[in-house]
Structures are given as structure tokens and as C-alpha cells.
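One structure is given here, and the rest of the page talks about it.
Numbers here simply count residues along the sequence, with the first being 1. Side-chain atoms are counted along with the backbone in the values below, which use heavy atoms only and exclude waters and symmetry mates.
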Amino acid sequence: CCSDNMATWLLRGGVDGVRRVSGLMLGAKGAVATTASHVLRRRLHSNGVSSEGDAGPKLWGGRFVGAVDPLMEQYNASIGFDKRLCHADIHGSVQYARALARAQVISNEERDALVNGLRDVEAEWTAGTFEIKQSDEDIHSANERRLSELIGSVAGKLHTGRSRNDQVATDVRLWLKTECAAMHASLLDLLSSAVERARADVDTLMPGYTHLQPAQPIRWSHWILSHAWAWQRDAQRLEQLAERLDSSPLGSGALAGNPFDIDRRELAKELGFRDVTANSLDAVSDRDFVVEFLFWSAMTQTHVSRWAEDLIIYGSSEFGFVKFADAYATGSSLMPQKKNPDALELLRGKAGRMTGSLVGLLVTIKGLPTTYNKDLQEDKEPLFDAVDTMQSCLGITNGVLSTLTIVPERMQSGLVYEMLATDLAEYLVRKGVPFRETHHVAGAAVKLAEDTGMSLKDLTLSQLQASSWAFKFVNETCQTNATHRRQVEGFSMLPICSLPFPCFEKNNALGTAPCI
């Protein structure tokens with residue numbers, strides 16, 4: 001009964017209702033204004049795909065006799081985004097053709113025809129004249145189709161013993177190796193800028209914060225390098241990722257290896273890989289390197305986000321520690337006085353996007369059965385997006401850091417004497433008082449200053465001695481030129497805090513002193 005009612009609703013009114021809601025209105029003659037085929041053609045065109053002419057043969061077409069649903073054809077295709085692997089795919093195919101010739105699977109003449117044809121295909125990609133056809137399911141089929149048009153049937157020998165499973169795994173590794181090298185160079189540029197800023201501003205003092213509350217005086221350069229150390233770890237992680245990435249899966253076939261006596265190690269060497277993958281089942285399904293890169297992107301962008309958040313706070317009118325260059329700020333469409341740190345806010349926002357890409361791919365691959373599954377096609381869009389996003393983020397980060405202006409006077413105004421309570425406790429430690437006692441004593445001195453409406457520096461020796469027995473060891477107030485040293489592991493001993501109030505010149509290596 002219920003199913004009959006549903007059928008009646010669908011036939012008599014439901015479909016029209018859905019069409020009305022969706023904006024797909026039936027005209028007087030019942031013609032649908034917008035059709036799936038129109039949408040499909042627009043999508044194909046937007047991806048640079050020609051929808052004219054025959055769909056053409058598939059690399060896998062022999063098993064099938066029925067036509068593929070046009071929507072399924074578009075749904076299945078990856079050419080719209082994996083075309084950026086074009087040069088890596090051609091490089092892999094050139095070296096594979098040479099490997100086939102070394103194994104005497106093809107003649108030297110056939111090898112030369114394949115290599116020269118592939119170079120012509122690559123030239124079209126470089127010139128921007130390569131025409132993607134509707135039959136081009138992915139970058140592999142697109143390149144092979146065009147190669148066949150240029151050199152004829154000998155192109156069909158290129159895929160001998162090779163599967164798109166090991167082909168795509170090779171292409172992505174080759175492409176990502178190049179991108180990792182470029183990313184590493186961008187990170188080193190950022191680190192260099194951080195060190196230069198730290199060196200230039202080494203004498204600038206500012207409040208240090210915990211819980212976003214004033215804590216102790218630090219150098220501005222020390223703050224810069226606290227983030228630089230995180231970026232250095234990011235550079236190290238990228239180097240380690242590149243090492244694990246540097247193995248060639250080509251020759252693994254679909255899953256069970258290559259039957260034509262291909263020398264995989266020689267092939268890997270010619271491709272520029274350091275080693276070969278050890279297990280063909282693992283090789284065609286391994287996307288650890290993609291996940292690792294997405295983790296690296298999320299971790300690095302998280303570090304950038306924290307740096308950006310600090311600067312957003314420091315650049316607010318309430319703090320005023322820094323000013324941002326016009327090149328990295330925008331205004332308000334309503335309030336003419338505004339100068340918004342949009343570059344930093346976008347850097348902060350991209351961290352969520354990178355984390356989402358990481359989690360998304362992990363969820364995609366967590367339940368896949370052994371070897372290749374089509375789900376793995378979902379690795380490329382987040383990977384490509386992460387590479388593009390991180391390259392732009394590192395460039396913007398470097399630009400903001402290199403061009404911002406600090407306001408030392410505002411930083412100085414944030415340095416209050418109560419921030420030296422810890423130093424007071426440590427002064428008493430040097431007089432022989434146990435630290436646990438001095439901590440309470442210094443806290444009591446701060447409370448005394450608050451209760452009497454005075455600054456900590458204005459308390460007299462008699463007031464301090466009256467507040468605690470610990471001050472009986474003190475026979476004079478700490479003078480401006482009194483010093484002590486705060487020792488932190490580091491590169492060199494540099495004065496960290498020379499302030500015009502008691503007992504505070506701090507010398508730090510590697511921690512509060514800059515790495516210069």
C-alpha cells in the first residue's frame with residue numbers, strides 16, 4: 001500500500017514538484033530547459049575537454065560491448081585535474097620505452113619512434129596546444145591517444161607489461177619529488193628571512209606571554225626564531241619525506257609484476273629514483289607518501305597559523321607592536337579607517353583546509369582491500385591543492401615577515417616591573433633562600449605593591465624586609481646595574497634584557513638569544 005502510494009505520488013505530482021523546486025520547469029510542450037547532457041557538455045568544456053566527435057576507444061575496452069553512460073564517463077574521468085602530470089607521465093613513458101628496448105621486447109627503431117613521438121606530445125603540452133578529447137579518461141590515455149595519432153600503431157607497444165596502476169604511482173612520485181624540492185627551497189628562503197629579521201632587530205625588547213598574559217621580558221628576535229625553529233623541523237620532515245618518496249614502482253604491473261624481464265633498477269636510475277619498491281602489491285596501492293605530504297602540509301601550516309595569530313594580536317590597535325605593509329593588508333568596504341591583516345587571516349584559515357585534506361584521504365584509504373582500487377583516484381585533487389596552497393602560503397609568509405615594521409616604543413610600554421617578579425625570586429635564590437620560599441616571597445611583594453598602589457620597583461627595602469624574613473639577607477635594594485644570568489641552551493651568549501629597572505640583564509644561548 002505504501003509503495004503504491006509512493007508510485008502514484010511520483011507519477012502524478014512528485015516529479016513535477018521536484019522539477020519546480022529545482023528550477024527544471026516543463027514548457028508548454030514538455031521540453032526540459034536544462035538537461036544533464038547540457039550540464040555535462042559545460043563541465044567538459046570548463047576542463048578543456050573537447051566533446052566533439054566519437055568518444056574513441058578505451059584502454060580497457062575489449063571486455064565491454066555496451067556504451068558507457070556519458071555521465072559515468074565524466075564521473076570516471078580524471079583528465080580534468082591529472083593533466084598536470086603530463087610531463088611526469090611522458091618522462092616515465094620515455095624511460096619505459098628504452099627499458100623495453102634494453103629487454104629486446106621492442107626494436108631500437110621502435111624505441112626511437114616512441115621516444116621521438118613522446119617528445120612531440122610533450123612539446124604540445126609545453127606550447128599549450130595539446131587538445132584533450134572526450135575519450136581521454138586520464139593523462140595516460142590522453143598521451144597514448146595522441147602518440148598513436150602521431151606515429152601510428154607502434155604506439156600500442158608502449159604499454160607492454162605496464163599497467164596504469166604502476167604508471168600513475170610512478171607519475172605522482174616523479175611529480176611530487178620536483179614539488180618537494182621547490183617547497184624545500186621556499187622553506188629555506190623563509191628561514192633565511194627569519195634569521196635576517198632577528199639579526200636586524202636583535203636589540204628590540206618586548207613582553208613575553210603565557211596564557212596571553214604578560215610573563216617575562218624577551219627579545220623580539222627571540223620570538224621570531226621561536227617560530228623559525230618550528231619551520232626548521234618542517235624542513236627536516238620534508239627532507240625525510242623526500243627520501244621515502246624516492247623509490248620507483250614502475251615495473252610492478254597491475255599487481256603481480258612485469259613478465260618481460262625489465263631491469264627495474266636500471267629503469268629507476270634512468271627515471272631519477274634512488275631505489276625501487278620492494279613489493280608489487282604494495283607498490284601499486286601505496287599512497288603513504290601522499291598522506292605524509294598532506295600531514296606535512298597540515299603541520300607546517302599549523303605552525304604558520306600560530307605565527308600568524310601572534311602577529312594578528314601584535315598588530316591590533318590594543319597592542320600596536322607591529323605594522324603590516326600595504327602589500328599584505330586590505331581595507332573595509334564600509335569603514336575607511338580599517339587596515340585588515342587579511343594575509344595573516346588567510347594563512348590561519350588555510351591550516352583548517354590542509355588538516356581537512358589529510359583527514360579526508362586517510363578516511364578514503366583506511367578500508368581499501370589490497371592493491372589498487374579506484375578510490376585512490378581521490379588522492380590527486382587534495383595533493384595538488386596542498387602543493388599549490390603551501391607554495392603560496394610560504395611565499396606570503398615570507399613576504400609578510402620581510403616587510404612588516406616593528407614599533408619598539410609600543411613593545412617597551414608593555415614591559416611592566418611586575419614582569420620581573422620571577423627575577424626577584426631568583427635574586428633571593430642567589431642569597432641562599434630556597435626557590436620555593438622565594439616564589440612565595442616574590443608573590444607577596446607583588447601583592448604588597450598592588451595593595452599600596454605602588455610599582456614593584458618603588459617598594460623600599462624596609463617594606464620588603466617587613467613583608468618577609470627572606471629579605472634579611474638583603475642589605476640594599478637591587479640597583480639598575482645589578483645583573484644575573486638566565487641560562488638556556490643555545491648558540492651564543494647575548495644580553496637578552498637590559499632594562500632601566502632592577503636586576504635584569506639576561507644572557508641566553510640558543511633559547512632567548514637569537515640564532516645569528
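The environment of CG in Asp326 is sparse: at most 12 heavy-atom neighbours from other residues, nucleotides or ligands sit within 6.0 Å. By the neighbour-count criterion of 12 heavy atoms within 6.0 Å, atom NZ of Lys366 is sparsely surrounded, having that number or fewer from other residues, nucleotides or ligands. Dense packing is recorded around NZ of Lys177, with more than 12 heavy atoms of other residues, nucleotides or ligands lying under 6.0 Å away. Atom CZ of Arg306 sits in a sparse spot, with 12 or fewer heavy atoms from other residues, nucleotides or ligands closer than 6.0 Å. By the neighbour-count criterion of 12 heavy atoms within 6.0 Å, atom NE2 of His439 is sparsely surrounded, having that number or fewer from other residues, nucleotides or ligands.
Looking only at distances, a side-chain donor or acceptor of Arg197 sits under 3.5 Å from a matching main-chain atom of Leu404. Panel note: side chain Arg84, backbone Trp175; no donor-acceptor pair is recorded below 3.5 Å. Remark: side-chain polar atoms of Arg146 are not paired, donor with acceptor, to backbone N or O of Asp120 under 3.5 angstrom. Using modelled atom types, no side-chain atom of Asp201 and backbone atom of Thr204 make a donor-acceptor pair closer than 3.5 Å. Not one N or O on the side chain of Thr300 forms a donor-acceptor pair closer than 3.5 Å with the backbone of Ser297. Side-chain atoms of Arg244 never come within 3.5 Å of backbone atoms of Phe289 as a donor-acceptor pair (strictly under, hydrogens ignored).
Taking a cutoff of 4.0 Å between a charged side-chain nitrogen and a carboxylate oxygen, Asp82 and Lys380 do not qualify as a salt bridge.
Rounded to the nearest 0.5 angstrom, Glu292 CD and Arg237 CZ are separated by 11.0 Å. Taking CD1 of Ile406 as the reference point, atom CH2 of Trp223 lies at 11.0 Å (rounded to 0.5 Å). For the atom pair Leu241 CG and Asp288 CG, the distance stands at 10.0 Å (nearest 0.5 Å). Met411 contributes atom CE, which lies 4.5 Å from atom CH2 of Trp220 (distance to the nearest 0.5 angstrom). Atom CD1 of Ile313 sits about 11.0 Å away from atom CG of Leu344, to the nearest 0.5 Å. We find the CZ-CD1 distance between Phe324 and Ile312 to be 7.0 Å, quoted to the nearest 0.5 Å.
A donor atom on one side chain and an acceptor atom on the other are not found under 3.5 Å apart for Ser247 and Arg173. Side-chain contact check for Asn398 and Ser193: at least one donor-acceptor pair (N or O, by modelled atom type) lies under 3.5 Å.
Looking at Trp231 and Val304, their side chains come closer than 4.5 Å, going by heavy atoms from C-beta outward. Side-chain contact between Ser285 and Ile365: absent, with no pair of heavy atoms (C-beta onward) separated by less than 4.5 Å. Using a 4.5 Å heavy-atom cutoff, the side chains of Arg265 and Ser248 are not in contact.
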Please determine whether side chain to side chain donor-acceptor pair (under 3.5 Å) holds for the pair Asp138 and Ser141, giving the CA-CA distance in whole Å, both sets of side-chain angles, and the decisive distance to 0.1 Å. CA-CA 6 Å; Asp138 51 39; Ser141 57; 3.1 Å; yes
Please evaluate residues Glu450 and Lys447 with respect to the criterion salt bridge (Lys or Arg N to Asp or Glu O under 4.0 Å), reporting the C-alpha separation (whole Å), side-chain torsions for both, the decisive distance (0.1 Å), and the verdict. CA-CA 5 Å; Glu450 291 177 350; Lys447 182 67 166 57; 5.7 Å; no
Give the C-alpha distance, both sets of side-chain angles, the deciding distance and a yes or no for salt bridge (Lys or Arg N to Asp or Glu O under 4.0 Å) between Asp136 and Lys83. CA-CA 10 Å; Asp136 296 335; Lys83 60 187 177 184; over 6 Å; no
